[in-house]
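Written out below as structure tokens is the structure these notes cover.
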Amino acid sequence: MTGYSTEALKAKSYLDLIHPLYRDGVAARLRQGLQGNETPGRYEIYLVARDGSEMPVEATGSPVIYMGRPAVVGYLRNITDRKQAETSLREMATRDYLTGLWNHREFQARLLVEIARAQRGGEHFSLLFMDVDHFKKVNDRFGHLTGDRILQTIGKFLKDALRTSDIACRYGGDEFAVILPNTDVQHCGPLVSRVLEAGEEIRSKDMLLRGLAPQLGLSIGVAGYPEDSTEAQELVRKANQAMFYAKSLGGNRSQVWGDAMKEFEAEPDKLRELLRQANLDTALALAGAIDARDAHTLGHSKRVSELAAAVARKLGLNEADAEGIRISGLLHDLGKIGLPDALLHKRHPLTAEESLIMKRHVELGVKMLSGLDYMRDKLEIVRGHHENWDGSGYPDGISGERISLGARIIRAVDTFDAMVTDRPYRTHISQGEALEEIESLDGKTFDPAVVSALKVVVTQR
């Protein structure tokens with residue numbers, strides 16, 4: 001284990017093999033054992049190998065009588081593989097699997113930490129929010145594998161271009177966020193310029209993209225703490241909107257929030273349109289972040305949103321109302337971002353306590369969305385998407401037409417999509433079987449009119 005020969009070990013004290021941080025504790029346990037006392041059970045320490053490397057081991061000791069004298073038999077087990085596996089699991093929970101950058105959840109946590117640190121020290125930092133220009137066109141034309149390769153290239157470029165203190169994250173979909181500690185917006189220009197080189201590097205290294213997607217680049221929005229905001233959500237919103245303003249100017253450029261506001265003041269109509277688009281794209285990014293937490297639900301929010309909009313049209317709603325239901329469908333599960341992974345991925349039925357925790361995602365989602373102006377008239381839909389026609393749902397237990405029509409539509413469509421896709425606790429069933437099961441709950445769980453429209457839309461696809 002340590003690289004020493006038997007003879008070399010005999011010439012050493014056992015303490016010579018133990019990392020200095022752990023020597024006093026091990027010696028105390030040994031004294032207990034030599035006095036005939038039971039030593040504590042398994043514990044972890046580090047050894048120092050012959051080559052100077054540190055090795056984690058699991059140690060146990062038992063008092064014995066050896067040749068008439070008290071002694072201790074010690075057992076050491078190398079747990080390097082286990083430690084590496086634990087580290088990998090922690091990384092998986094906080095890293096984006098595709099790019100290796102921090103994921104959306106970790107970004108939110110680190111942004112709060114950075115705000116607290118800056119508040120204590122009276123310091124500045126900048127937030128970069130970036131989006132890949134024309135990424136959907138590239139995905140549609142060349143396929144998702146090419147799109148994934150582009151995202152991986154951007155992830156690698158960010159790791160190489162940024163300082164070790166900077167925090168680069170994949171926010172969701174083709175959006176990235178970077179926190180620049182101790183850097184105000186006036187001094188982040190060189191870093192922004194290096195990031196903008198990513199688009200050119202992608203094109204120059206990929207012959208296919210060089211010829212067919214010359215406009216592929218990055219649009220970057222910049223907001224600063226504390227001058228633009230001292231609140232995390234507001235800071236993200238402003239950096240996001242500055243990014244959309246950069247995109248509206250042709251893309252592949254950066255825009256600072258403060259400078260963008262001067263343009264907005266001169267053209268208020270442009271501001272309203274950009275805010276509308278920013279919230280729409282934010283909805284898409286958030287929906288992607290929700291689904292990305294679980295491979296079994298990947299694409300669920302998007303499928304629900306599109307099918308719900310189709311059902312709304314079949315029921316005679318106008319295009320504006322159908323669009324509102326589509327956006328609500330994208331974000332109906334947003335509150336699940338705040339639930340434990342173990343709960344979302346559980347392969348067995350939830351306990352009563354776990355069910356109560358799961359139900360909280362509705363009100364959590366409403367709370368998260370209440371800050372978006374674009375969602376204010378849709379909060380009733382998100383809040384009611386688990387209410388039942390007969391009043392047996394949650395969180396308010398309302399029934400019939402007291403439930404928003406949009407919520408009634410999403411209730412049925414959400415259930416349908418869950419039935420026809422595989423989940424950790426069961427395999428999917430056919431669309432016909434799913435429709436039959438939903439029809440059996442017509443007038444109980446689901447609005448009869450919605451069920452009829454859903455059946456027509458699905459069968460006509």
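Only a predicted model underlies this, so the values are computations on that prediction, with no experimental measurement involved.
- In this structure, Glu319 pairs ionically with Arg313, as a charged nitrogen and a carboxylate oxygen lie closer than 4.0 Å.
- You'll find the side chain of Ile438 reaches within 4.5 Å of the side chain of Phe416, heavy atoms only.
- When every heavy atom of Ala453 is checked against every heavy atom of Lys314, the shortest pair comes out as CB-CG, 3.8 Å.
- Checked by atom type and distance alone, the side chain of Lys238 pairs as donor or acceptor with a backbone atom of Asp228 at under 3.5 Å.
- Here the side chains of Ser328 and Ile410 are in contact, with some heavy-atom distance below 4.5 Å.
- Of the inter-residue distances, the one linking Glu306 atom CD with Ile325 atom CD1 reads 14.5 Å to the nearest 0.5 angstrom.
- Using a 30° and 60° split on the angle between ring planes, His19 and Tyr22 fall in the perpendicular class, above 60°.
- At most 12 non-hydrogen atoms from other residues, nucleotides or ligands lie less than 6.0 angstrom from CG of Leu145.
- Every residue two or more places apart in sequence or in another chain was checked for a salt bridge (Lys or Arg N to Asp or Glu O under 4.0 Å) with Asp174, and none qualifies.
- Other residues, nucleotides and ligands contribute at most 12 non-hydrogen atoms within 6.0 Å of the CG atom of Asp24.
- Remark: Lys159 NZ is packed, more than 12 non-hydrogen atoms of other residues, nucleotides or ligands lying under 6.0 Å away.
- Separation of atoms CG (Leu162) and CG (Asp166) is listed at 5.0 Å; rounding is to 0.5 Å.
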Practice item. Take Val178 and Val195 through the side-chain contact (heavy atoms from CB on, under 4.5 Å) test and state the conclusion after the steps. Key: CA-CA 10 Å; Val178 179; Val195 173; 5.8 Å; no
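- Taking the ring pair (Phe, Tyr, Trp, His ring centres under 6.0 Å) definition, one finds that Tyr225 meets it with Phe125, sequence neighbours left out.
- When each of Leu76, Val48, Leu47 is paired with Ile18, the side chain to side chain contact (heavy atoms under 4.5 Å, CB included) condition holds for Leu47 and for no other.
- Annotation for Ala246 and Ile220: closest pair CB-O, 3.8 Å, computed over non-hydrogen atoms.
- Of the possible donor and acceptor atoms, one in the side chain of Ser126 sits under 3.5 Å from a partner among the backbone N and O of Val185.
- Side-chain N/O atoms of Thr415 and Arg411 include a donor and acceptor closer than 3.5 Å.
- Formation of a donor-acceptor pair under 3.5 Å by the Asp333 side chain with backbone atoms of Lys336 is not found in this model.
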Practice item. Output, in order, the C-alpha distance, side-chain angles, deciding distance and verdict of side-chain contact (heavy atoms from CB on, under 4.5 Å) for Leu454 and Leu307. Key: CA-CA 8 Å; Leu454 173 62; Leu307 183 54; 3.9 Å; yes
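- Residues Glu401 and Trp389 meet the side-chain proximity criterion, which asks for heavy atoms closer than 4.5 Å.
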Review point. Taking it one step at a time, do Ile403 and Asp447 satisfy side-chain contact (heavy atoms from CB on, under 4.5 Å)?
Key: CA-CA 10 Å; Ile403 307 167; Asp447 177 352; over 6 Å; no
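- Looking at heavy atoms from C-beta onward, Leu435 lies in side-chain contact with Thr459 at the 4.5 angstrom threshold.
- Under 4.0 Å is where a charged nitrogen must lie from a carboxylate oxygen, and between Arg303 and Asp417 at least one such pair does.
- What you find for Arg163 and Pro181 is that their closest heavy atoms are NH2-O, 3.3 Å.
- Side-chain contact of Ser229 with Arg237: a donor-acceptor pair under 3.5 Å is absent, judged by distance alone.
- A ring-ring contact (aromatic ring centres under 6.0 Å, His included) with Phe107 is found for one member of Phe129, Phe176, Tyr171, Trp102 and no other, namely Tyr171.
- Legend: residues meeting ring pair (Phe, Tyr, Trp, His ring centres under 6.0 Å) with His361, ordered by chain and number and at least two apart, are His385, His386.
- Annotation: the span from Asp414 atom CG to Ser301 atom OG amounts to 8.5 Å, rounded to 0.5 Å.
- A heavy-atom distance below 4.5 Å is not found between the side chains of Arg105 and Thr94.
- Across Gly224 and Leu235, no two heavy atoms sit closer than the pair O-CD1, 3.5 Å.
- The backbone N or O of Gly173 sits less than 3.5 Å from a side-chain atom of Arg170, completing a donor-acceptor pair.
- Judged by distance alone, with hydrogens and angles left aside, the side-chain atoms of Arg42 form no donor-acceptor pair with the main-chain N or O of Thr60 at under 3.5 Å.
- Between Val192 and Val222, the shortest heavy-atom distance links the atoms CG2-CG2, 4.3 Å.
- The structure places CG of Leu317 at 6.0 Å from CD1 of Ile409, a figure rounded to the nearest 0.5 Å.
- If you check the side chains of Asp131 and Ser219, you find no donor sitting under 3.5 Å from an acceptor.
- Other residues, nucleotides and ligands contribute over 12 non-hydrogen atoms within 6.0 Å of the CD atom of Glu106.
- Not a single donor-acceptor pair under 3.5 Å links the side chain of Asn388 to the backbone N or O of Asp390.
- Looking only at side-chain heavy atoms (C-beta outward), His124 and His187 stay at 4.5 Å or farther from each other.
- In this structure, the separation between OG1 on Thr146 and CZ on Phe135 is 9.5 Å, given to the nearest 0.5 Å.
- A donor-acceptor pair is defined here as one N or O able to donate and one able to accept, closer than 3.5 Å; such a pair exists between the side chain of Glu387 and the backbone of Asp396.
- Between Val450 and Leu405 the shortest side-chain heavy-atom distance falls below 4.5 Å.
- Using a 4.5 Å heavy-atom threshold, the side chains of Met130 and Leu158 count as touching.
- In this structure, Val57 and Asn78 approach most closely via the heavy-atom pair CG1-CA, 4.2 Å.
- Side-chain N or O atoms of Thr230 include none that pairs as donor or acceptor with a backbone N or O of Pro226 at under 3.5 Å.
- We find the CZ-CG distance between Arg95 and Leu101 to be 7.5 Å, quoted to the nearest 0.5 Å.
- For the side chain to side chain contact (heavy atoms under 4.5 Å, CB included) criterion with His332, the lone passing option out of Arg383, Lys378, His300 is His300.
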Check your understanding: side-chain contact (heavy atoms from CB on, under 4.5 Å) between Leu196 and Asn252: does it pass, once the steps are laid out?
Key -> CA-CA 7 Å; Leu196 283 172; Asn252 202 30; 4.3 Å; yes
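- Other residues, nucleotides and ligands place more than 12 heavy atoms under 6.0 Å from the CD atom of Gln119.
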